[in-house]
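The first residue of the sequence shown is numbered 1, and numbering continues consecutively from there.
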Amino acid sequence: MKKTLALALAVVMSLGLLAGCGNSGEKNPGSSGSGSTPNTSASNPGGSSNPANSIPEAPAGGGTVGVCIYKFDDAFMTTYRNSLEEILEGKGYKVTVVDGNNDQAKQNEQINNFITQGVDALIINPVMTSAADQIITTVKDANIPTVLINREPTAEQMAAYDKLVYVGCDARQSGTMQGELILDTATGGDINGDGVIKYIMIQGDPENIDAQYRTEFSVKALEDAGKKVEQLNLTRGDWDRNRGQEIAANDLAQFGDQIEVIFCNNDDMAIGALQAIQQAGRKVNEDIYLVGVDALDAALNEVQAGNMTGTVLNDAVGQATAAVAEMEKLLGGATYSSGNQSVYVDYVKVTPENVSEFMK
């Protein structure tokens, strides 16, 4: 009898050991083509801090996840957080999503509350990129797997914690695509034919890296194509539609027909700018060009109607899907090596010719 029990126990232990050896694929992170920060692709994300070790299999769900959003009244982040909730709940996770009200101190408190409550993982959309060090220190001290979204810290900051990954898009790509949308117009952006593209820039939050890159690379695309440019004004719009309308109205009143292009760091500000353009009696794609980023439903409608030159799809659903996938890898025991902690989802140009592909 004892011999039979011993043999049975040995079989069970052997099966347990075999089960623990599954999913041993090594990760091969890619690199960002336009910047110095190495990144991984959303189609092959991740990276082990010790490539010789296997990435443990992700859990089947059922844990608790705290999600911190910088503010709820942001059109793009509303789509993003709704997608996160749907995906996480569909996988069996208990999800709590909180509104930071654009207040970093409040968000810090929310993060601490989640840690006290014992959540299994955090997904954080920081209010301020400059707060990344504090956020990373907090989650590292609590040893909680964390995915940062939408606002990217530096690679050096993220390297402090190997259970941390960023999921988003490379904003340099979105800025470049905005510039390309202008270059692809009938006049190449130079409506009056004087050899200089005169523009205004409505920026999101200048402290935000996405705003910085979109501002820089939209204009760089024109310059790289050999175009001369002149910035008539650059104003902070805080991603807000009303601010976009106000800024565009003021600039149109001040600069009038000199303005050939209005660059907006997001669609909400572009839709506000459109209202000012129409109130000023101007016509998009005839005597002025207007581009945004996000491909919000409202912007897609305006592109289709000919009231926006184009926009750039900021894939909220794709990013939410990638964020959950990376979170599950972390919960499964994955770690990320320094320089391989960013997972990017590609942007896509949206024009009158292809806009129908993106409309629901």
Side-chain angles (χ1 to χ4, degrees), residues 40-43 45-46 58-102 104 106-108 110-111 113-115 117-129 131-132 135-136 139 144-153 158 163-171 208 210 239 266-268 293-297 313-332 334 336 341-347 358 360:
T40 62
S41 163
S43 62
T64 58
V65 182
V67 179
C68 299
I69 302 299
Y70 93 102
K71 69 173 184 176
F72 277 7
D73 60 340
D74 177 301
F76 173 73
M77 288 311 302
T78 296
T79 303
Y80 199 140
R81 65 182 167 89
N82 288 342
S83 297
L84 276 174
E85 284 189 89
E86 181 179 353
I87 295 167
L88 287 166
E89 290 174 353
K91 286 176 167 285
Y93 292 98
K94 180 179 179 182
V95 187
T96 303
V97 185
V98 294
D99 181 0
N101 293 122
N102 207 25
Q104 187 61 61
K106 179 174 183 178
Q107 186 177 78
N108 293 342
Q110 291 169 337
I111 293 169
N113 287 341
F114 276 137
I115 291 170
Q117 293 164 15
V119 296
D120 296 302
L122 287 167
I123 298 176
I124 302 173
N125 165 215
V127 173
M128 299 171 63
T129 310
I135 293 172
I136 293 168
V139 298
I144 292 187
T146 300
V147 180
L148 300 180
I149 60 172
N150 191 246
R151 295 181 173 183
E152 183 176 11
M158 290 191 287
K163 296 180 183 178
L164 177 82
V165 63
Y166 169 78
V167 173
C169 295
D170 186 344
N208 179 275
D210 284 7
W239 314 109
N266 77 341
D267 279 345
D268 244 10
V293 176
D294 283 340
L296 298 179
D297 288 345
L313 173 66
N314 193 5
D315 188 357
V317 176
Q319 290 177 66
T321 301
V324 174
E326 296 305 313
M327 180 202 76
E328 292 194 311
K329 289 177 185 177
L330 288 168
L331 287 172
Y336 292 78
Q341 292 175 275
S342 291
V343 175
Y344 293 139
V345 176
D346 280 338
Y347 287 100
F358 303 95
K360 298 173 183 177

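For the side chain to side chain donor-acceptor pair (under 3.5 Å) criterion with Y336, the lone passing option out of K329, E326, K163 is E326.
In this structure, CG in N102 is found 8.0 Å from CG in D73, a value given to the nearest 0.5 Å. Note that CE of M128 and CG of N108 are 10.0 Å apart. Values are rounded to the nearest 0.5 Å. To the nearest 0.5 Å, atoms OG1 (T146) and CG (L330) are separated by 8.0 Å. Residue D74 holds its CG atom at 9.0 Å from OG1 of T79, rounded to the nearest 0.5 Å. How far CD1 of I135 is from CG of L148: 6.5 Å, rounded to the nearest 0.5 Å. To the nearest 0.5 Å, atoms OH (Y70) and CD1 (I149) are separated by 11.5 Å.
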Passes side chain to side chain contact (heavy atoms under 4.5 Å, CB included), N208 versus W239? Steps please. CA-CA 11 Å; N208 179 275; W239 314 109; 3.8 Å; yes
Decide yes or no on side chain to side chain contact (heavy atoms under 4.5 Å, CB included) for I69 and D99, but give the supporting numbers first. CA-CA 5 Å; I69 302 299; D99 181 0; 5.9 Å; no
Would you check, one step at a time, whether the test side chain to side chain contact (heavy atoms under 4.5 Å, CB included) holds for T96 with Q117? CA-CA 11 Å; T96 303; Q117 293 164 15; 5.6 Å; no
Working note: M327 + Y93, criterion side chain to side chain contact (heavy atoms under 4.5 Å, CB included); need CA distance, chi angles, decisive distance, verdict. CA-CA 12 Å; M327 180 202 76; Y93 292 98; 3.7 Å; yes
I'd like to know whether N82 forms a side chain to side chain donor-acceptor pair (under 3.5 Å) with E86, so could you lay out the CA-CA distance, the side-chain angles of the two residues, the decisive distance to 0.1 Å, and finally the verdict. CA-CA 6 Å; N82 288 342; E86 181 179 353; over 6 Å; no
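Residues P126 and I124 approach most closely at CD-O, 3.3 Å, considering heavy atoms. Of all non-hydrogen atoms in P145 and L331, the two that sit nearest each other are CG-CD2, 4.2 Å. The minimum heavy-atom distance between D268 and A75, with the atom names listed, is OD2-CB, 3.8 Å. Residue D120 comes nearest to G63 through the heavy atom pair OD2-CA, 3.2 Å, listed as atom of the first residue, atom of the second, then distance. Of all non-hydrogen atoms in A323 and L84, the two that sit nearest each other are CB-CD2, 4.2 Å. Closest non-hydrogen pair, V167 versus Y80, comes out as O-OH, 4.2 Å.
For K106, the side-chain contact (heavy atoms from CB on, under 4.5 Å) partners at least two apart in sequence or on another chain are N101, D103, Q110.
With a 4.5 Å cut-off on side-chain heavy atoms, C68 and I111 count as touching. You'll find the side chain of V67 reaches within 4.5 Å of the side chain of L88, heavy atoms only. Contact of the I144 side chain with the F114 side chain is not registered, since no non-hydrogen atoms from C-beta on lie closer than 4.5 Å.
Side chain of Q107 to backbone of N125: a donor-acceptor contact under 3.5 angstrom is found. Proximity of a side-chain donor or acceptor of T78 to a complementary backbone N or O of F72 within less than 3.5 Å is detected. Side-chain atoms of Q341 come within 3.5 Å of backbone atoms of L164 as a donor-acceptor pair (strictly under, hydrogens ignored). Under the 3.5 Å distance criterion, the side-chain polar atoms of R151 are matched with a main-chain donor or acceptor of V127. Using modelled atom types, no side-chain atom of D294 and backbone atom of F76 make a donor-acceptor pair closer than 3.5 Å. Within the 3.5 Å criterion, the main-chain N or O of A295 finds a donor-acceptor partner in the side chain of D267.
Judged purely by distance below 3.5 Å, without hydrogens or angles, the side chains of Q319 and N314 pair a donor atom with an acceptor atom.
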